[in-house]
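What follows is a set of notes on a single structure, which appears directly below.
Only heavy atoms go into these numbers, but all of them, side chains included; no hydrogens, no water, no symmetry mates.
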Amino acid sequence: MVGADTAWIIVATALVLFMSLPGLALFYGGLVRARNVLSVFMHVYAIAALMSVLWLAVGYSIAFGDGNAIWGGLGKAFLNGIDADTVSGTIPEVLFFAFQMTFAIITPALIVGAYVERINFGFVLLFSALWMLVCYAPVTHWIWGGGFLSDGGIFGAVGTRDFAGGIVVHETAGLAALIIAVMLGARKVNNKPPHNPGYVMIGASMLWVGWFGFNGGSQLAADGGAAMAITVTHLSAAAASLTWALWEKIKYGKASMVGMVTGTIAGLASITPAAGFVGPVEALVIGGVAGILCQELVNLIRNKAKIDDTLDVFAVHGVGGIFGTMMIAAFGHGAWIAQVGALVIVGVFTTVVTVALVYIVKAIVPLRVDPETEHTGLDLAQHGETAYDHNS
């Protein structure tokens with residue numbers, strides 16, 4: 001056990017939780033109408049609590065247990081056999097559990113952005129619980145837990161490269177978001193601007209800071225690799241922010257603040273799988289391209305395909321994660337077959353599981369709120385509260 005490594009991962013764990021609470025909640029909450037902002041806060045907060053308990057119960061064991069190439073088994077359920085002195089690498093295993101728990105929180109929380117303003121709260125909880133256990137945890141095992149996509153698996157000695165979650169987090173969440181958006185249908189009123197761009201900027205800033213723990217912590221050590229991961233993460237975010245704003249200016253005549261900070265998130269998502277493998281110049285390329293690529297995908301999905309992925313989860317997170325995963329091979333840090341093969345396998349698996357879970361869960365609890373609730377706003381109708389004296 002190394003004290004410096006332990007101290008750094010404790011800090012990184014706090015930073016990744018900070019990404020969800022309050023970062024993601026504020027970022028998403030500011031983008032919706034005032035009558036729905038508390039419902040978004042509630043979704044993210046409740047998911048954080050529920051995923052934490054489920055990760056302890058069985059999620060961690062499925063992802064990182066000593067099972068087989070497909071799943072980790074239940075040997076570590078409720079941290080069975082693990083105490084404060086049990087070591088994982090150079091840190092306490094209970095700390096590794098806690099660090100990975102924050103990833104299990106934010107991944108289903110990312111999906112929230114696709115279904116805000118029209119989803120039933122009961123569906124959110126049940127779907128998120130099952131999806132984390134049946135989709136996220138197995139994929140985590142396949143790539144990070146010694147499963148069949150990792151080193152020594154089906155792609156040979158050098159398996160899929162995914163440093164901090166381009167596939168595990170962003171592809172799975174992005175695809176699930178797109179699928180739910182299609183199955184749920186569009187909002188009745190989907191032309192209202194973000195009610196509080198200030199929240200959006202504050203939330204995005206918190207995500208930017210928290211991402212240092214997300215990517216830097218994934219090194220699982222306090223060393224030069226962690227320092228480089230933090231540096232390239234920052235540079236990619238900066239580059240994507242600038243290219244998104246520039247592309248808006250060229251196309252529409254004005255660069256918006258909401259657009260610029262969305263570019264920040266696109267740059268962060270895109271560098272995530274590659275953060276442990278690339279240098280600063282490569283990070284600038286990844287972020288610079290992501291700012292334009294993800295913006296074009298937003299336009300394609302929203303305006304051409306007419307899919308109401310409300311807060312552009314797939315276009316920003318899904319496409320960003322997929323792009324960054326492929327750039328690892330493009331820059332010669334991984335094999336094309338391993339990178340693309342994993343994207344396809346995980347993509348198909350996520351699609352099948354997500355579609356099946358939507359049908360199963362909506363047979364138990366309603367998927368969508370009724371038209372009157374949607375008109376009134378989810379805050380008052382589902383939670384009995386409002387965020388402000390005024391409404392929009």
Side-chain angles (χ1 to χ4, degrees), residues 1-19 23 60 63-64 82 84-106 140-141 143-147 149-152 157-170 206-239 267-287 321 324-325 327-329 331-335 338-339:
M1 190 181 302
V2 177
D5 295 347
T6 299
W8 163 232
I9 303 306
I10 289 173
V11 172
T13 300
L15 285 170
V16 182
L17 182 61
F18 183 68
M19 291 173 68
Y60 177 71
F64 294 103
I82 299 170
D85 298 319
T86 308
V87 176
S88 175
T90 61
I91 65 174
E93 184 166 3
V94 69
L95 177 57
F96 179 73
F97 158 86
F99 180 66
Q100 290 296 334
M101 178 176 64
T102 60
F103 283 66
I105 288 169
I106 200 168
T140 302
H141 180 71
I143 295 179
W144 291 341
L149 297 179
S150 61
D151 293 351
V158 179
T160 302
R161 291 284 174 260
D162 184 4
F163 187 70
I167 299 174
V168 175
V169 175
H170 294 290
M206 291 174 171
L207 285 166
W208 191 340
V209 173
W211 227 291
F212 283 16
F214 198 88
N215 289 355
S218 292
Q219 179 73 5
L220 297 175
D223 60 14
M228 181 61 77
I230 287 173
T231 301
V232 299
T233 296
H234 183 79
L235 291 172
S236 179
L268 291 165
S270 298
I271 196 63
T272 289
F277 310 113
V278 302
V281 175
E282 293 165 315
L284 288 177
V285 173
I286 290 173
T325 299
M327 290 302 289
I328 295 171
F331 285 125
H333 302 294
Q339 300 306 108

Please assess Tyr60 against Ile82 for the test side chain to side chain contact (heavy atoms under 4.5 Å, CB included), listing each intermediate value before the final yes or no. CA-CA 12 Å; Tyr60 177 71; Ile82 299 170; 4.0 Å; yes
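- How far CG of Asp162 is from CZ of Phe277: 8.0 Å, rounded to the nearest 0.5 Å.
- Judged by distance alone, with hydrogens and angles left aside, the side-chain atoms of Gln339 form a donor-acceptor pair with the main-chain N or O of Arg161 at under 3.5 Å.
- When side chains are defined from C-beta on, Ser218 counts as touching Phe99, because their heavy atoms get closer than 4.5 Å.
- Counting only distance, with no hydrogens or angles, the side chain of Trp211 and the backbone of Met19 share no donor-acceptor pair below 3.5 Å.
- Expressed to the nearest 0.5 Å, how far CD1 of Ile328 lies from CZ of Phe163 amounts to 10.0 Å.
- Evaluated for a ring pair (Phe, Tyr, Trp, His ring centres under 6.0 Å) with Phe103, the options Phe96, Phe64, Phe214 yield exactly one hit, Phe214.
- A 4.5 Å side-chain heavy-atom check between Thr102 and Phe18 finds every atom pair outside the cut-off.
- For the atom pair CH2 (Trp8) and CG (Leu15), the distance works out to 6.0 Å, reported to the nearest 0.5 Å.
- Closest non-hydrogen pair, Ile286 versus Ala274, comes out as CD1-CB, 4.2 Å.
- When atom types are taken as modelled, the side chain of Asn215 and the backbone of Thr233 share no donor-acceptor pair closer than 3.5 angstrom.
- Judged by distance alone, with hydrogens and angles left aside, the side-chain atoms of Ser270 form no donor-acceptor pair with the main-chain N or O of Gly267 at under 3.5 Å.
- Across all non-hydrogen atoms, the minimal contact from Ala164 to Val169 is O-CG2, 4.3 Å.
- Listed by chain and number, the residues in a salt bridge (Lys or Arg N to Asp or Glu O under 4.0 Å) with Asp223 amount to none (sequence neighbours excluded).
- The residue from Thr272, Ile143, Thr160 that alone fulfils the side-chain contact (heavy atoms from CB on, under 4.5 Å) condition with Val168 is Ile143.
- When all heavy atoms of Ala335 and Ala329 are compared, the pair lying nearest together is C-CB, 4.1 Å.
- Rounding to the nearest 0.5 Å places CD of Glu282 at 12.0 Å from CG of Leu235.
- Closest approach of Pro92 to Ala84, counting heavy atoms only: CB-O, 4.2 Å.
- Between the side chain of Gln219 and the main chain of Gly216, no donor-acceptor pair closer than 3.5 Å is present.
- Looking at Asp151, its side chain never comes within 3.5 Å of a backbone N or O of Val158 through a donor-acceptor pair.
- Side-chain N or O atoms of Thr325 include one that pairs as donor or acceptor with a backbone N or O of Gly321 at under 3.5 Å.
- Annotation: the span from Gln100 atom CD to Thr13 atom OG1 amounts to 9.0 Å, rounded to 0.5 Å.
- Minimum interatomic distance between Ala226 and Ala221 (heavy atoms only, all atoms of both residues): CB-O, 3.4 Å.
- Ser150 has its side chain out of reach of His141: every pair of non-hydrogen atoms, C-beta onward, lies at least 4.5 Å apart.
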Could you walk me through whether Val278 and His333 pass the side chain to side chain contact (heavy atoms under 4.5 Å, CB included) check? CA-CA 8 Å; Val278 302; His333 302 294; 3.9 Å; yes
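- Of all heavy-atom pairs between Ala222 and Asp5, the closest is N-OD1, 2.8 Å.
- If you run side-chain contact (heavy atoms from CB on, under 4.5 Å) between Thr6 and each of Ile9, Ile10, Val2, only Ile10 comes through.
- Aromatic ring orientation, Trp208 versus His234: tilted (interplanar angle from 30° to 60°).
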